Asker: 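Please read through the structure below; I'll follow up with questions.
Naming: A, B, ... by sequence-line order, numbering from 1 per chain. Quick caveat: nothing in here was measured; it's all calculated off a predicted structure.
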Amino acid sequence: MLVSTSNDPFENKTSLDGTCGVCGSHNCLIHNFYDVLFNSKEARNNPILKCQKGQQFIIEGAPVNGLYFIKSGTVKVIRTGINGREQIVRFAKACEIVGHRGFGTQEYYSIGAIALQDTELYYFAKEKLQNYLLENPKFAYSMMLFYANELNRSENKVKSISQMTVRERVIDSLLYINRKFGDLRGFLNLPLSRREYADYAGTTEEQVIRVFSILKKEGLISAKGKKIGITDVQLLKNEISEHNYFLDT
DNA sequence: CCATTAAATTCAA
DNA sequence: TTGAATTTAATGG
């Protein structure tokens with residue numbers, strides 16, 4: 001992992017409607033609390049970590065010293081399962097936090113994180129962030145909302161893995177990627193291998209490949225290699241509506 | 001799960 | 001930019 005001495009100017013782009021210019025969200029923590037996070041001299045001199053595609057920057061079981069904000073790029077957060085297979089917990093993109101679960105009292109990371117593309121990270125040491133939280137109630141409150149959302153999401157994921165069929169879980173994964181990364185010229189804007197879909201959906205690569213070909217025959221999706229296109233989002237949503245599709249992260 | 005073939009991606013000239 | 005080498009997808013046992 002490369003550590004650059006940041007000649008990279010820290011910008012704080014804001015769109016006309018007040019949302020974050022990088023991620024487009026109005027709850028973006030980096031954007032909304034930019035002054036809190038980057039006002040001190042040390043914070044501004046804090047290097048940006050650059051890691052390239054495929055690099056792991058959080059190792060499961062390593063001691064927790066802080067957490068990361070993604071400046072650019074995308075990341076998968078994984079946990080190693082019983083048989084050594086990796087379970088993808090979530091995907092994260094620019095402006096999101098990674099490594100927050102170990103933040104409070106936990107000593108070791110329970111997850112690993114791997115860059116899916118070249119990725120730039122802001123790193124915040126535990127103590128520093130603790131001070132920000134203690135000094136700034138609004139920041140603390142926003143962080144709390146973020147944690148609450150994450151908890152909700154992970155509880156829903158437990159349900160989806162334990163109660164949905166393979167087909168439903170694959171569809172759910174496709175909708176999740178679509179919701180989170182959108183599409184570009186008709187294809188999901190994040191290229192993932194079938195293996196990665198499987199690791200997220202809690203199934204095997206073969207099952208994903210088979211569900212994909214069935215969905216393709218049914219005209220619900222199109223696929224060109226890693227580029228997957230959703231023909232009709234509503235039709236896919238209908239399939240899993242009885243299992244409550246309502247996550248918005 | 002594994003083996004085979006087809007397809008896609010990467011890489012270096 | 002091409003095509004050979006490597007990786008990934010798809011299918012059937």
Side-chain angles (χ1 to χ4, degrees), chain A residues 1-4 48-60 70-94 96 98 111-121 157-158 160-240 243 245:
Chain A
M1 188 176 345
L2 286 174
V3 177
S4 83
I48 295 168
L49 276 49
K50 299 190 175 185
C51 59
Q52 50 188 210
K53 184 177 176 177
Q55 272 206 300
Q56 181 157 9
F57 59 93
I58 299 178
I59 315 276
E60 272 176 287
I70 301 173
K71 178 172 189 285
S72 68
T74 43
V75 151
K76 65 177 171 181
V77 178
I78 62 149
R79 181 184 293 252
T80 305
I82 26 178
N83 40 16
R85 285 225 21 241
E86 86 179 24
Q87 165 70 226
I88 295 180
V89 175
R90 60 190 256 263
F91 294 92
K93 62 179 176 187
E96 291 190 48
V98 183
I111 49 92
I114 299 170
L116 291 173
Q117 317 161 351
D118 293 356
T119 294
E120 297 175 301
L121 303 160
K157 185 144 174 61
V158 170
S160 78
I161 286 197
S162 59
Q163 300 185 342
M164 292 165 81
T165 65
V166 170
R167 177 181 166 112
E168 288 167 334
R169 287 185 316 228
V170 170
I171 290 175
D172 185 59
S173 307
L174 287 168
L175 289 170
Y176 166 68
I177 299 299
N178 177 56
R179 190 159 73 238
K180 183 148 189 168
F181 296 94
D183 73 20
L184 183 65
R185 282 180 255 106
F187 293 108
L188 294 180
N189 197 10
L190 179 70
L192 292 174
S193 68
R194 319 276 136 137
R195 176 53 174 274
E196 284 165 327
Y197 278 104
D199 291 343
Y200 183 76
T203 180
T204 63
E205 186 177 357
E206 286 96 330
Q207 298 257 56
V208 169
I209 288 169
R210 286 183 169 116
V211 172
F212 276 10
S213 9
I214 291 167
L215 293 176
K216 229 178 342 182
K217 275 182 198 144
E218 293 173 350
L220 293 170
I221 66 168
S222 58
K224 276 185 189 161
K226 286 189 172 183
K227 284 175 292 189
I228 311 295
I230 296 181
T231 314
D232 187 336
V233 173
Q234 194 52 48
L235 280 176
L236 286 183
K237 280 186 185 177
N238 291 345
E239 287 221 24
I240 58 171
H243 296 291
Y245 162 94

Asker: Collect all protein-nucleotide pairs involving nucleotides 4-7 of chain C in which both atoms are nitrogen or oxygen and the distance is under 3.5 Å.
Answerer:
none

Asker: Which atom pair, heavy atoms only, marks the closest approach of A:Ser72 to A:Ala94?
Answerer: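 Looking at all heavy atoms of both residues, the closest pair is CA-CB, 4.2 Å.
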
Asker: Which atoms of nucleotides 8-10 of chain C (N or O only) lie under 3.5 Å from a protein N or O atom, and what are those distances?
Answerer:
| from | atom 1 | to | atom 2 | distance (Å) |
| --- | --- | --- | --- | --- |
| C:dA9 | OP1 | A:Arg194 | N | 3.2 |
| C:dA9 | OP2 | A:Glu205 | OE2 | 3.4 |
| C:dA10 | OP1 | A:Arg194 | NH1 | 3.2 |
| C:dA10 | OP2 | A:Arg194 | NH1 | 2.4 |

Asker: For the pair A:Gln207 (side chain) and A:Val166 (backbone), establish whether a donor and an acceptor sit closer than 3.5 Å, ignoring hydrogens and angles.
Answerer: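 It does not hold such a pair.
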
Asker: Which protein N or O atoms sit under 3.5 Å from an N or O of nucleotides 1-5 of chain B?
Answerer:
| from | atom 1 | to | atom 2 | distance (Å) |
| --- | --- | --- | --- | --- |
| B:dC2 | N4 | A:Glu206 | OE2 | 3.2 |

Asker: Please check: side-chain N/O of A:Lys180 versus main-chain N/O of A:Phe91, any donor-acceptor pairing under 3.5 Å?
Answerer: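 Side chain of A:Lys180 to backbone of A:Phe91: a pair is present.
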
Asker: For A:Gln207 and C:dG12, what is the distance between atoms CD and P respectively, to the nearest whole Å?
Answerer: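 To the nearest whole Å, that distance equals 15 Å.
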
Asker: Is any NZ, NE, NH1 or NH2 atom of the basic residue among A:Asp199 and A:Arg85 found under 4.0 Å from an Asp or Glu carboxylate oxygen of the other?
Answerer: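 Yes, A:Asp199 and A:Arg85 are salt-bridged.
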
Asker: For A:Leu116 versus A:Glu196, what's the shortest heavy-atom pair and its separation?
Answerer: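 Minimum heavy-atom separation between A:Leu116 and A:Glu196: CD2-OE2, 3.4 Å.
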
Asker: If you look at every heavy atom in A:Leu174 and A:Ile230, which pair is closest and at what distance?
Answerer: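 The answer is O-CD1, 3.9 Å.
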
Asker: Examine A:Lys157 relative to A:Tyr200 and say whether NZ or CZ is less than 6.0 Å from the centre of the six-membered ring and inside a 45° cone about the ring axis.
Answerer: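 Relative to the ring axis of A:Tyr200, which defines the angle, A:Lys157 lies inside both limits.
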
Asker: Quick check: closest heavy atoms across A:Val98 and A:Arg90, and the distance to 0.1 Å?
Answerer: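 Looks like CA-NH1, 4.4 Å.
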
Asker: Roughly how far apart are A:Lys71 NZ and A:Thr119 OG1, rounded to 0.5 Å?
Answerer: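 The OG1 atom of A:Thr119 is 11.5 Å from NZ of A:Lys71, to the nearest 0.5 Å.
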
Asker: Can you see which heavy atom on A:Cys51 is nearest to which on A:Leu121, and at what distance?
Answerer: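 It is SG-CD1, 4.1 Å.
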
